[in-house]
Amino acid sequence: MAGVQKKEGPRLDFFSDWKYSPAPESKDHIRLNKRYELFINGKFVKPTKGKYFSTINPATEEKLAEVANADEKDVDLAVNAAKNASEKIWKKMSGKERGKYIYRIARMLQERAREFAVIETMDGGKTIRESRDVDVPLAANHFFYYAGWADKLNYAFPNRNPQPLGVAGQIIPWNFPLLMAAWKIAPALATGNTVVLKSAETTPLTSLKLAEIIQESGLPDGVVNIITGAGLTGAAIVNHPLVNKVAFTGSTEVGRIIQRATAGTGKKVTLELGGKAANIIFEDAPIDQAVEGIINGIFFNQGHVCCAGSRLFVQEGVADLVIRKLKDRMETLIVGDPLDKNTDIGAINSKEQLQTISKYIEIGKTGGADFYQSSCPIPKKGFFMRPTLFLNVSQSHRIVTEEIFGPVLAVQTFRTIEEVIEKANNIPYGLSAGVWTDKGSKIFNITGKLRAGIVWANTYNKFDPTSPFGGYKESGFGREGGLHGLLAYVNL
Ligand code: NAI
Ligand code: MG
């Protein structure tokens, strides 16, 4: 630092002038096909109707590749391949042998981690920091973790006789494309099920790359089938009579459709839907850490996180301080090129999602809430949104009760523990929450009373394959991850 410090002028000027130089991750090593087919029965095959759609880079609006649009016929082929592989090979194979394949997939993913991180960022807009440090390593860890369970199912369910369900139909969203694929595929394989997985229409590329790894790993044909398409393709999976289990992550609206479609069919269902998490800051909290936790909870990953801390509750005595520090920190956030390692907030995943977020910002403004946005520059091309706060909101504001899925934080204050518990619980969702306080007793007191599947204490957005994840109420049901994640894929 000393060498580049300006000789004249006060030090403060130097810091306010100071900018990070661009540090973009290279994409020279990335090889994308012009066109991707469907991965069915161990081979890449053309869709029967020959239809394709494009996936773009939301940061540049450039087309990256074309992917196949699977229709009912393709879904039928994939489900039949999975059924066949289940009956003839996979459910008969020993857990030890199954585990070897899953370990192999985990190791191959680790070997190609950099490539996967860059493609994830290009296709979905999330920052390279996140795809490199969170998505890809966690995805590999999920395969490692569940590989370990494959030959130990009798220990997971002592004195029971865990049996696979058959074919699992899995439908995933665009916010953690590779990680969601890993969350769904790894426990299904470990428990002896076969898979038909559909990725989201804006982010199909890393699951197709995963299909390449699966093919290379020598996993028997048909055990995992990966297809692409939109809602109709997803519905065809859900409604297929040979599908025994449906695992879905996405909107509450589609979750409801799936629940109706599967009612009375005997299909086992897990749904991981939206959220509107409360992040609760008490007066005795470590304030600087809490502010960083708030930032991490809602602004990193563009707020595209179902468990994002999108409602902030600050205890009155520290409200002014927390809000001032929060605004100061927001000013320093860098919005822009997701491939740049300095970027804090990347691109919004799609034009539609940007419109949804903008719609909610208008609703917040016209509803009379105080609006604050950082003054950072944003790129002219691509889909971007500045970090945004709404202050002086109340429980009746739509921005407080509805999922926005963007970098928008609604701030409320509270006086007592009873008050904040009631406010935090008073929404249709119940996925996650955060609590910041110096007192362990307060943590135990409040975490038991919050109706949320996951509660973080003095931290936020921490994930681990060994710990179960899932919600209450309209956030869905069933758990993924950990021992609990196995239960969704077995008959006892
Ligand atoms: P979505 O629920 O429509 O999409 C999720 C997945 O479901 C995609 O793969 C999609 O192709 C598929 N799908 C759509 N309709 C289907 C149907 N009828 N049957 C079976 N599968 C179907 O979510 P969308 O439209 O991308 O986002 C809308 C909102 O949902 C977001 O603004 C956000 O609030 C929420 N969301 C929540 C997520 C979470 O992690 N819980 C992830 C993505 C979105
Ligand atoms: Mg894309």
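In terms of modelled atom types and a separation under 3.5 Å, the side chain of Asn193 and the main chain of Tyr489 share a donor-acceptor contact. Formation of a donor-acceptor pair under 3.5 Å by the Arg98 side chain with backbone atoms of Leu189 is found in this model.
Contacts of Tyr460 classified as ring-ring contact (aromatic ring centres under 6.0 Å, His included), with partners at least two apart in sequence or in another chain: Trp456. Remark: Ala117 engages Ile128, Ser131, Arg132, Val136 in a side-chain contact (heavy atoms from CB on, under 4.5 Å) (not counting sequence neighbours). With sequence neighbours excluded, the residues forming a side-chain contact (heavy atoms from CB on, under 4.5 Å) with Pro428 are Glu474, listed by chain and number. By the side-chain contact (heavy atoms from CB on, under 4.5 Å) test, Pro22 is found to be paired with Pro24, Asp340, residues two or more places apart in sequence or in another chain being considered. Partners of Glu97 according to the salt bridge (charged side-chain N to carboxylate O under 4.0 Å, His left out) rule, which considers only residues two or more places apart in sequence or in another chain, are Lys100. Here Phe469 pairs with Trp183, Phe463 under the ring-ring contact (aromatic ring centres under 6.0 Å, His included) rule; sequence neighbours left out. Taking Thr206 as the reference, Phe116, Ile119, Glu120, Pro177, Leu178 meet the side-chain contact (heavy atoms from CB on, under 4.5 Å) condition, with sequence neighbours excluded.
Electrostatic pairing of Arg107 and Glu111 does not count as a salt bridge here, judged by no charged N lying under 4.0 Å from a carboxylate O. A salt bridge does not link Asp71 to Lys51: none of the charged nitrogens lies less than 4.0 Å from a carboxylate oxygen. Taking a cutoff of 4.0 Å between a charged side-chain nitrogen and a carboxylate oxygen, Glu201 and Lys198 qualify as a salt bridge. Using a 4.0 Å cut-off between charged nitrogen and carboxylate oxygen, Lys184 and Glu480 count as a salt-bridge pair. In summary, Lys276 and Glu403 do not engage in a salt bridge, as defined by a charged side-chain N under 4.0 Å from a carboxylate O.
Asn349 and Thr202 share a side-chain donor-acceptor pair at under 3.5 Å. Counting only N and O atoms by type, the side chains of Asp76 and His240 include a donor and acceptor under 3.5 Å apart. Under 3.5 Å, the side chains of Thr262 and Lys268 contain no donor-acceptor pair of N or O atoms. Lys462 and Ser467 share no side-chain donor-acceptor pair at under 3.5 Å. Using modelled atom types, one finds no donor on one side chain facing an acceptor on the other under 3.5 Å when comparing Asn84 with Asn80.
Within 6.0 Å of NZ in Lys359 there are more than 12 heavy atoms belonging to other residues, nucleotides or ligands.
When all heavy atoms of Phe477 and Val269 are compared, the closest pair comes out as CE1-O, 3.4 Å.
Side-chain contact check for Arg129 versus Thr343: every heavy-atom pair is 4.5 Å or farther apart.
In this structure, Lys341 forms no cation-pi arrangement with Tyr20, as its terminal cationic atom is not both closer than 6.0 Å to the ring centre and no more than 45° off the ring axis.
Identified under the ring pair (Phe, Tyr, Trp, His ring centres under 6.0 Å) test for residues 186-236, with sequence neighbours left out: none. Residue pairs meeting the salt bridge (charged side-chain N to carboxylate O under 4.0 Å, His left out) criterion with at least one member in residues 481-492: none, sequence neighbours excluded. The ring pair (Phe, Tyr, Trp, His ring centres under 6.0 Å) pairs that include a residue from residues 43-76 are Phe39-Phe44, where partners are two or more places apart or lie in different chains.
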Identify every side-chain donor-acceptor pair in residues 58-68 under 3.5 Å, counting partners at least two apart or on other chains, and give the distances.
residue	atom	partner	partner atom	Å
Thr60	OG1	Glu62	N	3.2
Glu61	OE2	Gly382	N	2.7
Lys63	NZ	Glu66	OE2	3.2
Glu66	OE1	Arg35	NE	3.0
Glu66	OE1	Arg35	NH2	3.2

Indicate every side-chain donor-acceptor pair of residues 155-168 with a distance under 3.5 Å to a residue at least two apart or in another chain.
residue	atom	partner	partner atom	Å
Asn161	OD1	Gln163	NE2	3.1

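Note: Ile214 CD1 to Ser207 OG = 9.5 Å, rounded to the nearest 0.5 Å. Distance CG/Leu354 to CD/Gln302: 11.5 Å, rounded to 0.5 Å.
Checking each of Ile227, Asn69, Thr48 against Asp74 for a side-chain contact (heavy atoms from CB on, under 4.5 Å) leaves exactly one that passes, namely Thr48.
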